[in-house]
Structures are given as C-alpha cells and as structure tokens.
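Report on the structure given below.
Below, chains carry the letters A, B, ... as their sequence lines are ordered, and counting in each starts from 1. Just so it is clear, the structure is predicted and the values come from calculations on it, not from any experiment.
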2 protein chains.
Amino acid sequence: MKAEFALGTVEVAMTPMERFEDYLQSRGKRMTQQRRVIVEQVFSHHEHFDADDLLKELGDGVGEAQNIGRATVYRTLDQLTEAGLLRKMNLEGRSVYEHDYGYPAHDHLHCQRCNKLIEFSSEQFKELCDAVGREHGFRVTGLRLIVQGVCADCLAKQHRPTRPLDLV
Amino acid sequence: MKAEFALGTVEVAMTPMERFEDYLQSRGKRMTQQRRVIVEQVFSHHEHFDADDLLKELGDGVGEAQNIGRATVYRTLDQLTEAGLLRKMNLEGRSVYEHDYGYPAHDHLHCQRCNKLIEFSSEQFKELCDAVGREHGFRVTGLRLIVQGVCADCLAKQHRPTRPLDLV
DNA sequence: CTTTGTGCAAAGCGTTTGCACTATT
DNA sequence: AATAGTGCAAACGCTTTGCACAAAG
C-alpha cells in the first residue's frame with residue numbers, strides 16, 4: 001500500500017527502539033531478538049502496512065535469520081500500538097498500521113481505485129469533533145476519519161474500460 | 001446495540017418495501033418471501049444492527065415461519081445496501097447497518113464503554129471533507145466518521161472499579 | 001532457574017461461496 | 001419451463017490461542 005506524505009515529523013527525544021525498550025521494561029516484559037528485528041523493519045520506512053506486509057518483509061531476509069512467526073508479528077504489533085509507537089486503523093476489515101511516534105496527528109483520504117492512503121492534517125476536524133462531543137456530553141478520546149473517494153492520479157487516468165459503474 | 005436518535009426523518013414517496021421492489025424489478029431480480037420478511041424486520045425499528053442481530057430477530061418468530069438462512073441474510077443486506085435502503089459501516093471489524101432511506105445524513109459518536117452509537121448531523125464535516133478533497137485533487141465520494149470516546153451516561157456512572165487504565 | 005516469549009498448528013469469528021433444491025416469474 | 005433464490009455446510013481471510021520448547025532476565 002502506497003501513501004503520500006505531506007506532513008513533517010515531530011521532534012522526539014528517544015528512538016522508537018529506545019521507547020519500546022522503556023515500555024517493555026516498565027511492564028516487566030523482555031526485549032527479544034524478534035522484537036528488535038520487527039521494530040527495525042517497521043521504522044525503516046514510513047508506509048502504511050498490515051500484518052501480512054510486515055510478515056513478507058521479514059521473510060525477505062532471504063536465508064539470513066530464522067523466520068519470525070505470524071503469531072509473534074501480531075503480538076508485537078499489538079504491543080507497539082499499546083506503547084504508542086504505532087497507530088492502528090481498520091480498512092475494510094483488515095488492521096492497517098502506521099507510525100504514530102514522532103509523527104503528527106492526521107487522517108486519511110482513501111482512494112477506492114488504487115487503494116492509496118493520502119494523509120492530511122486534521123486540526124480542524126479535531127476541533128469540530130470536540131465541539132460535537134461537548135454538545136452531547138461526550139468525552140472524545142480519538143477519531144478515526146477515513147474519507148473515501150478517488151485520488152487525483154486515478155481521476156487523471158480515467159481509462160474507463162467500458163465504465164464499470166460510473167454515473168449509474 | 002442501542003442508539004440515540006436526535007435527528008428527524010426525511011419525507012419519502014415510497015415505503016422501503018416498495019423501493020426495494022422497484023430496485024429488484026429494475027435488475028431482473030425477484031421479490032421473495034424471505035426478502036419481504038427481512039425488509040419488514042429491518043424497518044420495524046430504527047436501530048443499528050449487524051447480521052447476527054438480524055438473524056436472531058428473524059429466528060424469534062418462535063415456531064412461526066421457517067428460519068431464514070445466514071447466507072440469505074448476508075445476501076439481502078448487501079442488496080438493501082446496494083438499493084440505498086441501508087447504510088453499512090465498519091465497527092471494529094464487524095459490518096453494522098442502519099437505515100439510510102428516509103433518514104438524513106449523519107455520523108456517529110461511538111462510546112467505547114457501553115458500545116452505544118450516538119448520531120449527529122455532519123453537515124460541517126461534509127464541507128470540511130470536500131475542502132480537504134479539493135486541496136488534494138481528490139473526488140470525495142463518501143465519508144465514514146466514527147468519533148471514539150465515552151458517552152455522558154458512562155461518564156456519569158464512573159464506578160471505576162479500581163480504575164483499569166485511567167490517566168495511565 | 002524462573003518466567004516470558006516463540007513458533008507452530010489449530011481454533012475462532014464474521015463473511016462468502018458451491019451446490020442441489022425450491023420458488024418466483 | 002426457465003431462471004433466480006434459498007439453505008446448508010464447507011471454505012475463506014484475518015486474527016487469536018493453546019501448548020511444548022527456547023531464551024531473556
């Protein structure tokens with residue numbers, strides 16, 4: 001899954017690895033070889049990914065280290081989310097992750113044709129949500145906004161091979 | 001799943017059943033006994049529901065008619081969505097449905113404690129989304145905004161049995 | 001040496017599909 | 001009669017879990 005990144009980064013004191021180590025230590029959990037490899041892989045590029053993407057990337061060590069099991073990947077992704085390093089969202093039933101630590105709050109435009117996720121800053125949305133929440137005596141803890149549509153690239157192409165369901 | 005409904009209704013010319021019949025006819029599909037029963041059940045109350053809720057409600061005929069199969073329920077929900085009678089959204093992996101026909105556009109506050117969905121009118125959100133879309137050359141076709149948080153009722157209770165993960 | 005983590009394979013969960021049978025048109 | 005729809009059960013895709021073995025503290 002590709003993505004466009006229009007947003008900068010946020011200054012942080014620790015590397016993701018260090019922060020994860022802190023998190024683990026504070027909970028009496030252990031830093032393992034597998035977790036190290038996963039953190040390195042996850043933060044080696046800034047793309048949206050799901051468990052399977054990561055599993056494939058990890059398998060691409062081609063003969064290097066031993067393979068990391070599917071269960072370990074799922075368990076570690078949960079922990080990275082818990083630790084505030086990753087943000088998890090739900091796209092058509094699958095869990096999709098992105099960097100949270102050191103990255104500003106944002107939401108997404110989702111292209112229904114090419115499946116691309118485009119990020120945009122959501123300050124105004126946050127304010128609107130807070131206002132709506134206040135009206136309802138609701139304490140807003142987070143929002144997950146995914147705007148569906150068709151991206152500029154796909155609109156430009158417009159091959160329309162017999163136009164599947166356009167204007168219907 | 002309970003819901004609060006602060007919004008009114010929209011005047012429509014046909015009943016949901018009539019509209020569904022039109023939809024089916026226009027596609028060479030047939031109106032069956034099962035579809036009739038499902039439409040009646042679905043539009044007999046205005047609540048958010050998933051396939052399993054509906055399946056249970058249909059089973060509650062207690063000895064009356066024959067049971068309607070799981071597959072038929074899923075297939076009919078798809079068609080009702082296609083026909084514009086239902087709106088489908090994704091809540092934590094499951095598909096959740098609500099009336100679309102004869103009901104104004106809105107979005108939801110989702111209480112993470114009691115799982116309630118509270119509706120709110122989203123005109124301003126729509127405008128913001130369109131603006132954001134324009135900035136990115138993106139044609140917005142729809143938005144699905146679910147604001148997470150804690151509802152007024154749950155905030156009022158605040159039993160906090162040893163406070164699970166508050167302020168952590 | 002104790003306890004947490006791992007990998008595997010099996011189970012789980014919501015949803016979809018293949019197929020023989022039934023009902024609508 | 002012709003064809004679309006149904007119910008069942010099996011398959012599906014993603015995720016979680018149980019368990020014996022490995023490794024971190």
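- B:Asp130 contributes no side-chain N or O that, together with a main-chain N or O of B:Glu127, makes up a donor-acceptor pair within less than 3.5 Å.
- Of the charged side-chain nitrogens involved, none lies within less than 4.0 Å of a carboxylate oxygen, so that B:Lys88 and B:Glu98 do not count as a salt-bridged pair.
- We find the NE2-CD distance between B:His136 and A:Glu119 to be 10.0 Å, quoted to the nearest 0.5 Å.
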Dump every N/O contact between nucleotides 4-8 of chain D and the protein below 3.5 Å, one line per pair.
residue, atom, partner, partner atom, Å
D:dA4, O4', B:Arg30, NE, 3.3
D:dA4, O4', B:Arg30, NH1, 3.3
D:dA4, O4', B:Arg30, NH2, 3.4
D:dG5, OP1, B:Arg30, N, 3.3
D:dG5, OP1, B:Arg35, NH1, 2.8
D:dG5, OP1, B:Arg35, NH2, 3.1
D:dT6, OP1, B:Thr32, OG1, 2.8
D:dT6, O3', B:Gln34, NE2, 2.8
D:dG7, OP1, B:Asn67, O, 3.1
D:dG7, OP2, B:Gly69, N, 2.9
D:dG7, OP2, B:Thr72, OG1, 2.6
D:dG7, N7, B:Arg75, NH2, 2.9
D:dG7, O6, B:Arg75, NH2, 3.4

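- Taking atom CG on A:Leu55 and atom C1' on D:dT16, their separation rounds to 14 Å, with Å as the unit.
- With sequence neighbours left out, the salt bridge (Lys or Arg N to Asp or Glu O under 4.0 Å) criterion links A:Arg134 to no other residue.
- Between the CD atom of B:Gln25 and the C1' atom of D:dT3 there is a distance of 16 Å, given to the nearest Å.
- Atom C1' of nucleotide D:dG13 and atom NZ of A:Lys56 are separated by 12 Å, given to the nearest angstrom.
- Between B:Arg36 and B:Gly93, it is B:Gly93 whose nearest contact on DNA chain C lies nearer the 5' terminus.
- A:Asp53 and A:His48 are not linked by any side-chain donor-acceptor pair at a separation below 3.5 angstrom, with hydrogens and angles left out of the test.
- Protein atom CG of A:Leu77 is 10 Å distant from nucleotide atom P of D:dT16, rounded to whole Å.
- When the P atom of C:dG12 is taken as reference, atom CZ of B:Arg94 falls 19 Å away, rounded to whole Å.
- The phosphate of D:dC14 has neither OP1 nor OP2 within less than 4.0 Å of any side-chain N or O from A:Ser95.
- The salt bridge (Lys or Arg N to Asp or Glu O under 4.0 Å) search around A:Asp22 returns none, not counting sequence neighbours.
- The existence of a salt bridge linking B:Asp52 and B:Arg70 is confirmed by a sub-4.0 Å separation between a basic side-chain nitrogen and an acidic carboxylate oxygen.
- Atom CD in B:Glu21 sits roughly 14 Å away from atom C1' in C:dT25 (whole-Å rounding).
- Rounded to whole angstrom, the span from the CD1 atom of A:Ile38 across to the C1' atom of C:dG5 amounts to 11 Å.
- Listed pair A:Tyr74 / D:dT16 fails the phosphate criterion, with no side-chain N or O lying under 4.0 Å from OP1 or OP2.
- Atom-to-atom, CE of B:Met31 to C1' of D:dT3 comes out at 18 Å; the value is rounded to the nearest Å.
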